[in-house]
Structures are given as structure tokens and as C-alpha cells.
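Only one structure is covered here, and it is reproduced in the block below.
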Amino acid sequence: MNKPTATDIIIFGAQGDLSQRKLLPSLYDLEKDHLLPEGSRVICLAREAIDTAKYCNTASINLQLHVEDDRYEQETLNRLLARITYIKLDFNTAEHYQDLAKMLNEKKDQQRLFYYATAAVFFGTISQKLAEFNCITKQCRVVLEKPLGFDRESSSTINDQVGLHFQEQQIYRIDHYLGKETVQNLLALRFANPIFGSQWNQSHISHVEITIAESVGIEGRWSYFDKAGQMRDMVQNHLLQLLALVAMDPPDDLSADSIRDQKVKVLKQLKPIAFNDQKQSVVCGQYDSGNNDVELLPGYNNEEGAQGTSSTETFVAIRAEIQNWRWAGVPFYLRTGKRMTEKLTQIVVHFKQQPHFIFDPEQRDIASNKLILSLQPNEGVSLQVQTKSPGINNDIQIQPTILDLNFNKEFKGTRTPHAYERLLFEVIKGNQYLFVRRDEIEHAWTWCDNIMQHWDKPEHILHKYPAGSWGPTESQIIIRNDKRKWFGDH
Ligand code: BG6
């Protein structure tokens with residue numbers, strides 16, 4: 001395991017939402033746990049002409065809002081603020097990079113971590129300017145925030161532009177889902193437990209569901225989201241990363257490339273979905289106004305910042321197939337949407353039924369094992385097994401029973417780090433296994449582009465669903481056609 005060394009953490013877009021809500025709070029948490037190496041500095045860059053004191057003032061207010069109450073304390077805050085320097089930087093202005101270069105040169109040999117928390121269209125310019133002002137050294141790393149491009153072509157262009165100045169081993173492409181505890185637990189569960197390892201294939205698994213449901217809407221990001229949609233915002237990255245981790249072959253070891261080689265294989269083997277098959281396999285939706293338990297929620301086109309009537313999808317359900325020996329004939333039902341009934345991220349692996357059933361034939365349908373991996377709101381793993389209903393009746397009646405491992409209860413007192421906190425720490429240490437390699441991103445885009453290329457045709461339907469629901473009723477079709485239903489029948 002690499003050891004953390006003193007690092008200059010340079011954040012582009014330091015006044016943005018991501019920096020204020022996720023990056024600074026994550027640095028705070030690392031600071032609190034004394035994980036930021038001695039001598040590390042945090043250099044915050046943004047367009048506004050303010051000084052460090054003013055920046056720190058705003059940062060403190062936001063930290064108080066976004067750090068968990070029981071973690072917040074003045075002493076840690078002071079330590080973090082003491083590391084921060086603010087520099088005004090306009091992406092195209094040479095003299096601003098001179099100011100940055102001057103500061104970096106004060107600690108010439110220090111490891112550098114450039115965090116591009118800006119729109120990806122600027123990644124090329126920033127990289128080129130950093131090179132021009134000799135800010136890129138052998139010891140530096142660059143973190144690229146998602147979404148990386150709009151499609152495969154734009155993503156390749158950005159990768160090329162950054163790749164002109166940074167080697168692939170220096171590039172850390174973020175998918176914050178890879179920083180979540182359960183996602184890493186998936187590796188442990190699959191590859192440290194022979195009981196699952198031996199069953200993880202089409203002989204024993206009938207189908208897999210992956211759901212990422214969000215109760216929130218667009219959260220003031222309408223103009224960004226409207227150009228992206230749920231397919232680019234959630235499927236191309238988070239959902240396909242989860243799918244790749246569930247479906248990949250065992251890596252030879254835990255090194256970044258062993259894991260990523262296996263993930264790439266899965267992404268390459270995803271079966272393209274032809275337009276004629278989309279009716280059975282893809283459902284898009286957009287939320288209309290609706291109620292959650294508390295209030296009346298506006299429809300997507302009436303959200304703050306909405307401009308006109310848009311046909312951008314806020315919900316996607318897909319029946320995916322992986323064309324290889326392990327998964328032949330096993331559908332992966334994927335589903336993600338905004339403004340759904342509740343926040344729920346869950347992977348459900350459905351095992352096949354017994355080949356011969358000796359109990360009440362009426363119970364045959366309930367009698368299969370299910371492995372449920374919960375990522376949100378609570379992290380945990382549970383296994384649905386069949387047991388006998390207690391009692392002295394003559395027939396053995398079976399009933400599904402849950403073997404439950406709730407991480408919060410089981411590991412009481414052990415704090416689960418936030419995704420960004422873990423990921424930042426891994427970059428400081430130089431571990432790339434929780435980051436996405438260029439070819440992974442590009443294969444994921446290829447599969448999604450192929451589906452989306454038909455979405456401007458008149459035959460493409462956008463189904464409305466009420467905010468606060470489980471998405472369009474049509475999303476049931478892709479699973480019901482296979483005589484199945486979503487787990488919990490959502
Ligand atoms: C982001 C998307 O990547 O992930 C957001 O851009 C989405 O639209 C968010 O809300 C969901 O993340 P999480 O960790 O809350 O599930």
C-alpha cells in the first residue's frame with residue numbers, strides 16, 4: 001500500500017458547488033483524522049477577485065453546513081483553513097497561472113494533485129496552460145470530474161487533450177460511486193467468499209437488478225442537466241460501473257489494472273440494443289408534477305431555471321445483456337430516475353430456482369435465493385433464504401427469511417468515510433483502483449451512444465411519471481415481459 005506524502009492539492013473551480021459541498025468537507029474529514037500529510041497545502045482557484053481571508057470565510061460557513069455535526073470542531077477547521085491559499089484564476093489568463101506557478105515553485109519537489117472541479121470543456125485548456133507554465137512535474141496527479149464529455153467522441157477529445165500533458169498513470173477519473181463502502185464490499189463479497197464465487201454465473205443466477213433511485217429533482221442544475229439527461233448523468237457512469245463490478249471476472253490481484261482490465265471486458269461485451277429492440281428493452285421517462293409525503297412537487301419543466309418545454313429524460317430503465325460465457329441468457333435490469341418515491345441504491349442478484357421442487361408447488365415462485373446489496377440509504381448486504389414456517393402443521397410450508405448484515409449495526413462505532421473523502425485520500429496515496437481508466441469510459445460511451453442515437457426519432461417515446469413515484473408504469477414492461485417483477489415490486 002502506498003504511503004501518503006505531503007501534497008499540494010490544487011482545486012480548479014474552488015467556488016463551485018462540488019468544491020463547497022464535497023471537496024472541502026472531505027478535506028476537513030481527512031484533516032480531522034490526521035490523514036492529510038504534514039506540509040500539505042490546499043490551493044483554491046476560481047474567477048472571483050477575492051483574497052484568501054474572504055474565501056476562507058465563505059468556506060467556513062459552508063463547512064459548518066456540510067460537515068456532520070458530531071465531526072465539526074473549531075480546532076480542525078483552523079488547521080484546514082491554515083493550509084488554504086486562494087488565487088484568482090481565469091482559465092485563459094496567463095498571468096494567473098504565473099501566480100499559481102510561483103506558489104507551487106516554493107515547494108518544487110512536493111507532490112501535486114490538480115483537481116479539475118470544472119466543466120470538462122476546460123480540461124484541455126487548463127492542462128495546456130499548466131504545461132506552459134511548467135507546473136506539471138513527474139510527481140503530479142490530475143483528477144477529472146465527471147461527466148467526461150457528452151458522447152464517446154467528445155470524451156475522447158478531452159482525454160486526448162489531457163493526455164498530451166499527463167500520462168495515464170497520472171490521471172484519476174472520478175466516479176464517486178466507486179468510493180462508496182458497499183461497492184468495495186462487493187469485491188470482498190464476491191472474491192473472498194467461495195460460496196458466492198462458485199455460484200456467480202448463468203448456471204446459478206437468473207437475473208440481476210440494479211436500481212439507483214433518487215428522491216431529489218434537479219437541485220438548481222437544470223441548465224447542466226437538460227443537456228445531459230439521466231442516461232449521461234447516471235447510466236453511462238455510476239450504473240455501468242456497478243454493473244461492471246457485479247459482472248466482471250475475478251481479477252488476478254487488487255491492482256488497479258487487474259480490476260480495470262476485467263471491468264473493461266464486461267463493458268465491451270454489453271450487447272448493443274438496436275432501435276427496433278428498444279421498445280422491449282429501454283424505457284425513458286420525465287417527471288411531471290406530483291406529491292411526495294410532504295408537498296406538491298413541480299414537474300421537470302417547471303423546475304427552477306427551466307427554459308421552455310424540454311424532452312430530456314429524467315428516468316431510464318434498460319434490459320441489458322452481456323455476451324459472454326458467464327452471463328449468457330442472464331438479463332441485467334437497470335433503472336435510475338430523479339424524483340422517485342425514495343432514495344434507494346440497490347443491487348439484487350436473483351439466484352435460480354431448484355431444478356426439482358419438493359414443497360408446495362404454489363410456493364415455487366417465491367423459492368429462490370436473492371442477494372441484496374444496499375448502497376443507500378443504509379449500507380448493507382442481506383441474503384434471502386427459504387426456511388420452514390414455524391409450527392406443527394403437517395406440510396412443510398416455506399417462507400423467505402432474511403439474513404441481514406447492516407454495516408451501521410455490525411460495525412457500530414466505525415465511521416464509514418464519505419466517497420469523496422476516500423477517493424481524495426487514494427489519489428494522495430497514488431492508488432488508481434477506484435478510478436476509471438480511459439478505455440472503460442469510452443466503451444461505456446459507445447454502448448450508451450448507440451442507444452441514444454435514436455432518441456430524436458419520432459418513434460422514441462418519453463413517458464411522463466408523477467414526481468414522487470417509482471417512474472413510468474411502462475418501466476414495468478421490460479421486466480414483466482420476462483415474467484418477473486422489480487424486487488419489492490417498485
Ligand atoms: C451525480 C449526478 O454524479 O450523482 C447527480 O450528477 C446525482 O445528478 C448524484 O444526483 C447522485 O449521487 P449520490 O451519491 O447522492 O447517489
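This structure is a prediction, so every number in the text was calculated from the model and none was measured. Note that the numbering runs from 1 along the sequence shown for the chain. First listed ligand is number 1; within each ligand, the first listed atom is number 1.
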Around Asp293, counting heavy atoms of other residues, nucleotides and ligands shown, do more than 12 lie under 6.0 Å from its CG?
no
Does CD in Gln307 sit with more than 12 non-hydrogen atoms of other residues, nucleotides or ligands closer than 6.0 Å?
no
Hey, is Arg221 one of the residues with a heavy atom under 4.0 angstrom from ligand 1?
yes
Test item, Phe225 contacting ligand 1 (heavy atom, 4.0 angstrom)
no
Per the salt bridge (charged side-chain N to carboxylate O under 4.0 Å, His left out) rule, which among Arg437, Arg152, Lys268 passes with Glu442?
Arg152
Taking C-beta and beyond as the side chain, do Gln184 and Leu434 meet within less than 4.5 Å on heavy atoms?
yes
Select the closest option to atom 15 (O) of ligand 1 among Glu214, Lys343, Lys180, judged by heavy-atom distance.
Lys343
Among all the protein's non-hydrogen atoms, which is closest to atom 12 (O) of ligand 1, and how far away is it?
His176 NE2, 3.1 Å
In this structure, atom 16 (O) of ligand 1 is nearest to the protein heavy atom Tyr177 OH, 2.5 Å
Counting from 1, what ligand 1 atoms have a heavy atom of [X] closer than 4.0 Å?
X: Asp233; value: 2 (C), 5 (C), 6 (O), 8 (O)
X: Lys338; value: 5 (C), 7 (C), 8 (O), 10 (O)
X: Lys146; value: 1 (C), 2 (C), 3 (O), 6 (O)
X: Gln376; value: 13 (P), 14 (O), 16 (O)

Pair Gln241-Glu440, side chain to side chain contact (heavy atoms under 4.5 Å, CB included): steps then yes or no
CA-CA 9 Å; Gln241 281 295 319; Glu440 285 181 74; 3.1 Å; yes
Should Thr345 be counted as touching ligand 1, given the test is an N or O pair under 3.5 Å?
no
Establish, from distance only, whether the side-chain atoms of Tyr433 and Arg260 form a donor-acceptor pair under 3.5 Å.
no
I would like to know whether Ile11 and Phe114 meet side chain to side chain contact (heavy atoms under 4.5 Å, CB included); could you show each step before the answer?
CA-CA 6 Å; Ile11 305 177; Phe114 296 108; over 6 Å; no
